[in-house]
Amino acid sequence: MEATYIKRKKDGRIHIKSGNKGDRVLRSTLGVLTILTFVAFLFFNYAGLELGSAITETAYNLKVMFFEPALSHFGLREAIYQVGITLSLAFLATIIGAIIAFFLSLMAATNLAPLGLTRIIRVFVAFIRAVPTVLWVLIFAIAAGLGSEAAVLGMLFHSIAYLVKAFSEAFEEVDKGILEAVRSTGGNWWHIVKSGVLPSTFTYLLSWIFLRFEINFGVAVAMGAAAGAGGIGFDLFMASSFYFDMREVGFITYAILIVAFLLEVVSTRLKKRFFPATSD
Amino acid sequence: MNEKKMRKNRWQTVIFLLIIIVLTYLSAAITSFNFVDGLATIPKAIGWMFSNLMVTQETLDKLPTILEKLAETTFMSIAATTIAAVVSLFLGVLGSKVTKVNNFLSVFARFIASVSRNIPVVAWALVLLISFGQNSVTGFLALFVGTVGFLTRAFIESIDEASQSSVEALIATGSTYFQIVGKAVIPQSLPQMISWVLFMVETNIRNATLVGILTGTGIGYTFDMYYKMLNYNAVALVTLCIVIIVIVVDLISNYVRKVIL
Amino acid sequence: MSLLRVEGLGKSYTADKQILKNINFEIKAEELVSIIGPSGAGKSTLLRCMNRMVEFSEGKIMFNNRDVGSLDKKELRNVRANIGMVFQHYNLVPRLTVIENVLHGRFGYKTTLQGLLGRYTEAEKERAFYLLEKLGIHEHAYKRCDQLSGGQQQRVGICRALIQEPKLILCDEPIASLDPNSSKIIMDLLKSISTEMGITCLVNLHQVDVAKHYSDRIIGLNKGEIVFTGTSHELNEEQINKIYGTKTEDLITA
């Protein structure tokens, strides 16, 4: 007598996988990604590639970069000043972004704003996120002229998109009881935000802002190199594409690396302190 | 006592805000950023975008070329992400507290991840460009290196979170290391990892545009070319194409995430 | 003849703090023995020394006439395959099906490759279903473990231990996360495993009454030392005070 709860294959062997939708989608995702990767290598443009010499040359360049870093076109003071500019661009974009994102996210949190409004904000945010930052900077550069304004405004967009998502999720997690308590005392919408939402989420918001600052530093370097936004990124671009000076590239890379490491250490601490579940 | 504490808190907030204001002022001074000008630019820029960034009939003729470049960029991003994911899986397993082979390899894996993550993609792109030349391989490698750094950290977290308890149980049944990794750790953390991979595919399509501008390949180069030719209608079309592909990838990943997580 | 003999066992993580001191006991085949004691007494560490999930610092453990302390990697794997283990938090792979989790118990008998490819024989699968049916959770066989209740998950954990065909099952606080109803089911199961299937069970418990009701013998542990061994009848008020350092009435919260 065969038990009916055992699932068998056609040849009589017993199944041990549940074969549910999640498993199937997981497998197809892996399959599709693998196939696309193979197709990608057929699609590649291999113009002027000489793999052998490219690898040895790059290895040599990396060796020069990391073992013989030196400055030749400007001095240490200037280098520090340029890192300062990059940090400043990142800081401005983060702070202004945070202020704008704060108000937008109040309108994007489902427990604070009407559903229609939250949808509109979310679609808007998804759209600005989809445009690469470098395109925003370049587009602003036409309208505002190349300069720190274009760089900061261009970087602003992704900062806003990122922070609106983080902030509105933090707001939505605020305990219902707190909101009701403020509401029951006759507080208006602004009261609810000021004395209900803000106190319980303030530290969260701050750490998200710092995390974004860390990201923005990298973005600011990239904008300097690709969009002429100034700062250490622009020097990196000049050293490698204009002077072909690997020692200077190495020095600048170390400078960026040190700042990035410092920022990462701080943000890992913040994460550990405020989001213990999401970090080790 | 309580009042004292409150007063102290208030002071802390005031000092904190003062520091922020001073830093903002310093940053603005150092970059000669003018708040009034900056804010005034926004309506001006938006007005400019609406009057100039229009897709016209004649730019549509360029669509096939643009789509071809877009496909090149998209495929490059996917390939860089998946191959980086394979490497990150090894580094992640080595780096995780739960599955590490020994402390040295664990620290080594984390170190590799940290360095490749913290050196910006632009630096990799610029250095690789010198020897690899203007082609997809340069962009692929630049994205690959940055992605390995990011995914390794994400995978280490996924593995740590997912598996501690079942690993202990399997050691107790007399399982070997590879059985434990292959049959308990990876099946358990795979959905989370796939979610990160999909996130990275989307991020890399956007980064590929940046890398493309620097290395003269793919959709980034196309954008840069029209931008320098002041052909803003074509710029608008390129941007629109990128937006569409990013949103499509985003929608697909959201669907997959919803089903597998 | 004893299945498990522990002589002069000691364990310390740092030089000044000894977790276990001079532990001696013997367990015969088919016995159900409980270890009781306050939290931090070293129950969990003691249990994990038996299959060297924790390496002990001194003393000797003989399991099935083999010296556990002197085994090389391969022999240790072999001994571990002969010892089942059940955990407080079940320690299943939550995303995998019940049947897959049960079959994980066979890894100890397989080569790495066989395990990785999931090569289970039909006999093993039949056996897994037989055990699931015996424990009354066969209808959940194709469900993911995270969809099961705590009591059901613990039964999956026991199935995983049983499919190892072990001589000994170590249970680390098997009912500490369960409601009273599920706790009773699990303890009844462990009892029948020792009496009917003839598998020795060594169980860490913190409920004295449960230990008294189910155990053939009880070991009382306090601050890393054995302060009591004997049958449930021999465990009186005075002995309990010695183990816990308090009166039983205060133990209700434990």
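Just so we're on the same page: letters track the sequence lines, and every chain starts at 1. Values in this document were obtained by computation on a predicted structure and should not be read as measured data.
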Restricting to non-hydrogen atoms, name the atom on [X] and the atom on [Y] that form the minimum distance, rounded to 0.1 Å.
X: B/T31; Y: A/I85; answer: CG2-O, 3.7 Å
X: A/S241; Y: B/L126; answer: OG-CD2, 3.4 Å
X: A/F44; Y: B/M76; answer: CE1-CA, 3.7 Å
X: B/L210; Y: A/A226; answer: CD1-CB, 3.3 Å
X: B/S131; Y: A/N61; answer: OG-ND2, 3.5 Å
X: B/N118; Y: A/A260; answer: OD1-CB, 3.6 Å

| Per-residue contact mode, A/V249 against chain B (heavy atom under 4.5 angstrom) | side chain

| query | So which part of A/I96 gets closer than 4.5 Å to some heavy atom of chain B, the side chain, the backbone, both or neither? | reply |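 Only the side chain of A/I96 comes within 4.5 Å of chain B.
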
Where on [X] is there a heavy atom nearer than 4.5 Å to chain A: the side chain, the backbone, both, or neither?
X: B/L230; result: neither
X: B/E68; result: neither
X: B/I213; result: side chain
X: B/V197; result: side chain
X: B/F33; result: both
X: B/I119; result: both
X: B/L261; result: neither
X: B/Y25; result: neither
X: B/F223; result: side chain

Check whether any side-chain heavy atom of [X] sits under 4.5 Å from a side-chain heavy atom of [Y], and report yes or no.
X: A/F41; Y: B/F75; value: no
X: B/Y227; Y: A/I139; value: no
X: B/N135; Y: A/Y46; value: no
X: A/F237; Y: B/V122; value: no

Which of [options] touches chain B most, by non-hydrogen pairs under 4.5 Å:
options: A/G22, A/P132, A/A126; answer: A/P132
options: A/T56, A/L135, A/L236, A/V152; answer: A/L135
options: A/L36, A/I256, A/L87, A/V39; answer: A/L36
options: A/A222, A/S53, A/G84, A/A90; answer: A/A222
options: A/L30, A/L92, A/T86; answer: A/L92
options: A/I252, A/L51, A/L138; answer: A/L138

| Could you give the distance from CD1 (B/I30) to OH (A/Y81), rounded to the nearest 0.5 Å? |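 Result: 5.5 Å between the selected atoms.
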
| message | Taking NZ in A/K165 as the centre, count heavy atoms belonging to other residues, nucleotides or ligands within less than 6.0 Å. Is the count above 12? | response | no

